[in-house]
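Reading through the structure tokens given below for one structure.
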Amino acid sequence: CEPAPDARVIVGQPAERNGHGFFNIWTSFPARSARETAVAPVPPLHVSKFTIDAAISANLSMSVTSRLSFEANREVGGAISVFISPEMHVSGAVLDGEPAEVLQSNAALPNTPLGSHEVEFLVVPPHPVSAGKHELEIRHEGRVIAETADHIYFVGARGVWYPQFGDEQADFDITYRYRKRLEVVTTGDGVENRVDGDSRITRAVTAAPIRFAGFNLGDYARVKVTRG
């Protein structure tokens with residue numbers, strides 16, 4: 001397994017549950033090199049941009065395709081560690097146009113580069129990842145939105161509802177498709193907000209790299225303010 005940015009040792013085995021493969025992690029801890037060195041190791045992979053297409057259904061479940069544009073600073077010969085909310089199931093991955101195997105854990109990790117209780121899954125490339133630029137497409141679905149009796153929507157897993165390698169800054173281009181009577185308030189500058197049949201489509205793009213991208217869903221009133 002290719003070490004994560006903090007050079008972690010991960011011990012476990014592939015397993016299967018309800019027809020889904022996952023990697024059953026027994027233990028995870030920083031490697032000796034990470035514990036003993038005073039200088040943090042350079043992450044082997046760095047994401048420069050997330051392109052996310054998220055569909056929110058009437059029952060508030062999400063079906064998402066996340067594309068991670070990343071650069072490898074050296075050849076990566078093993079599996080790639082990726083983190084995501086435990087509420088999300090990863091159904092597939094494609095690396096540079098070729099299918100890649102996914103092994104997903106069912107256990108949340110308390111000490112990860114993101115600092116929250118997300119799960120770690122492994123993407124096994126069909127061949128070693130060469131140094132340079134690449135694109136990893138990950139398909140995932142699950143429920144991270146809850147609705148109260150007063151029709152207030154709460155979005156959990158704000159920083160890990162999409163897959164990521166670790167704590168890093170990147171550009172975001174996010175498109176949401178959801179019920180037209182609602183509104184999404186999201187990170188970034190709004191570049192599109194239109195109705196298509198029974199759905200509303202909202203797209204936002206960040207003007208500069210940021211660390212995390214979140215959103216809120218609700219029955220909001222939209223107000224336009226003009227200055228000058």
Side-chain angles (χ1 to χ4, degrees), residues 17-22 47 50-68 82-93 102 104-110 112-121 137-167 170-206 210-225:
R17 176 173 293 174
N18 298 327
H20 297 302
F22 66 92
V47 177
F50 292 89
T51 304
I52 302 174
D53 193 335
I56 304 172
S57 68
N59 67 0
L60 301 181
S61 64
M62 297 184 71
S63 178
V64 188
T65 298
S66 297
R67 296 178 180 87
L68 286 66
V82 192
F83 300 93
I84 199 169
S85 164
E87 304 303 321
M88 284 289 185
H89 168 69
V90 179
S91 58
V102 173
Q104 184 169 10
S105 170
N106 65 337
L109 301 176
T112 64
L114 300 178
S116 59
H117 291 262
E118 66 274 357
V119 294
E120 183 174 28
F121 66 94
E137 177 183 302
I138 297 175
R139 298 182 300 278
H140 51 105
E141 59 270 339
R143 291 196 62 167
V144 297
I145 307 171
E147 182 179 7
T148 69
D150 298 327
H151 303 293
I152 303 298
Y153 299 91
F154 174 76
V155 180
R158 290 183 182 276
V160 291
W161 63 275
Y162 57 90
Q164 49 202 286
F165 295 152
D167 186 8
D171 295 316
F172 285 82
D173 184 338
I174 311 177
T175 301
Y176 303 88
R177 291 173 172 82
Y178 54 98
R179 286 180 285 178
K180 67 178 181 181
R181 70 174 182 83
L182 299 175
E183 287 278 357
V184 158
V185 177
T186 184
T187 304
D189 299 327
V191 296
E192 183 178 8
N193 186 57
R194 61 183 176 89
V195 172
D196 182 13
D198 293 331
S199 299
R200 182 178 297 276
I201 298 174
T202 298
R203 180 181 170 218
V205 178
T206 55
I210 58 174
R211 201 168 300 280
F212 298 112
F215 70 96
N216 283 312
L217 180 71
D219 187 8
Y220 301 114
R222 184 174 292 269
V223 178
K224 182 176 181 180
V225 178

>> Please find the pair of heavy atoms, one from Pro163 and one from Ser66, that lie closest to each other, and give the distance.
In response: CD-OG, 3.4 Å

> Among side-chain atoms of Asp150 and Thr148, is any donor-acceptor pair under 3.5 angstrom?
Replying inline: no

> Between the side chain of Ser85 and the main-chain N/O of Val160, is any donor-acceptor distance below 3.5 Å?
Replying inline: no

> Hey, mind stepping through Arg67 and Glu137 against salt bridge (Lys or Arg N to Asp or Glu O under 4.0 Å) and telling me if it holds?
Replying inline: CA-CA 4 Å; Arg67 296 178 180 87; Glu137 177 183 302; 3.2 Å; yes

> Would a 4.5 Å heavy-atom cut-off, applied to side chains only, mark Gln164 and Val47 as touching?
Replying inline: no

> Can you name the nearest heavy-atom pair linking Ala93 to Val102, along with the distance?
Replying inline: CB-CG2, 3.6 Å

> Once you round to the nearest 0.5 Å, how far does CD1 of Ile56 lie from CG of Leu182?
Replying inline: 8.5 Å

>> Check whether Ser91 reaches the backbone of Arg139 with its side chain - one donor and one acceptor, N or O, closer than 3.5 Å.
In response: yes

>> Could you tell me if the side chain of Ser61 sits less than 4.5 Å from the side chain of Glu141, heavy atoms only?
In response: no

> Do Phe165 and Leu68 have side chains that get closer than 4.5 Å, going by heavy atoms?
Replying inline: yes

> Between the side chain of Arg211 and the main-chain N/O of Gly159, is any donor-acceptor distance below 3.5 Å?
Replying inline: no

> Which pairs count as salt bridge (charged side-chain N to carboxylate O under 4.0 Å, His left out) when at least one residue sits in residues 53-62, sequence neighbours excluded?
Replying inline: Asp53-Arg177

> Can you find a pair of side-chain heavy atoms, one from Ile174 and one from Thr187, that are under 4.5 Å apart?
Replying inline: no

>> For Tyr153 and Tyr178, I'd like to know if the aromatic rings sit close, meaning centre-to-centre distance below 6.0 Å.
In response: no

> Looking only at heavy atoms, what is the nearest atom pair of Ala146 and Leu60, with distance?
Replying inline: C-CD1, 4.3 Å

> Within a reach of under 6.0 Å around CG of Asn59, are more than 12 heavy atoms found that belong to other residues, nucleotides or ligands?
Replying inline: yes

>> I want to check something: taking the side chain as every heavy atom from C-beta on, are Ile138 and Phe121 in contact at a cut-off of under 4.5 Å?
In response: yes

> Would you say Tyr176 and Thr186 make side-chain contact, with heavy atoms under 4.5 Å?
Replying inline: yes

> Ion pair present between Asp219 and Arg181, side-chain N to carboxylate O less than 4.0 angstrom?
Replying inline: no

>> For Met88, is there any backbone N or O sitting under 3.5 Å from a side-chain donor or acceptor partner on Trp161?
In response: no

> Which residues satisfy the side-chain contact (heavy atoms from CB on, under 4.5 Å) test with Asp196, sequence neighbours excluded?
Replying inline: Arg194, Ile201

> Does the side chain of Ile145 reach to within under 4.5 Å of the side chain of Glu147, using non-hydrogen atoms?
Replying inline: no

> Shortest non-hydrogen contact from Val155 to Leu217?
Replying inline: CG2-N, 4.3 Å

> Is there a donor-acceptor pair closer than 3.5 Å between any side-chain N or O of Arg200 and the backbone N or O of Lys180?
Replying inline: yes

>> Counting C-beta onward and ignoring hydrogens, is there a side-chain heavy-atom pair between Val205 and Asp189 closer than 4.5 Å?
In response: no

> Under 3.5 Å, is there a donor-acceptor pair between the side chain of Tyr162 and the main chain of Phe50?
Replying inline: no

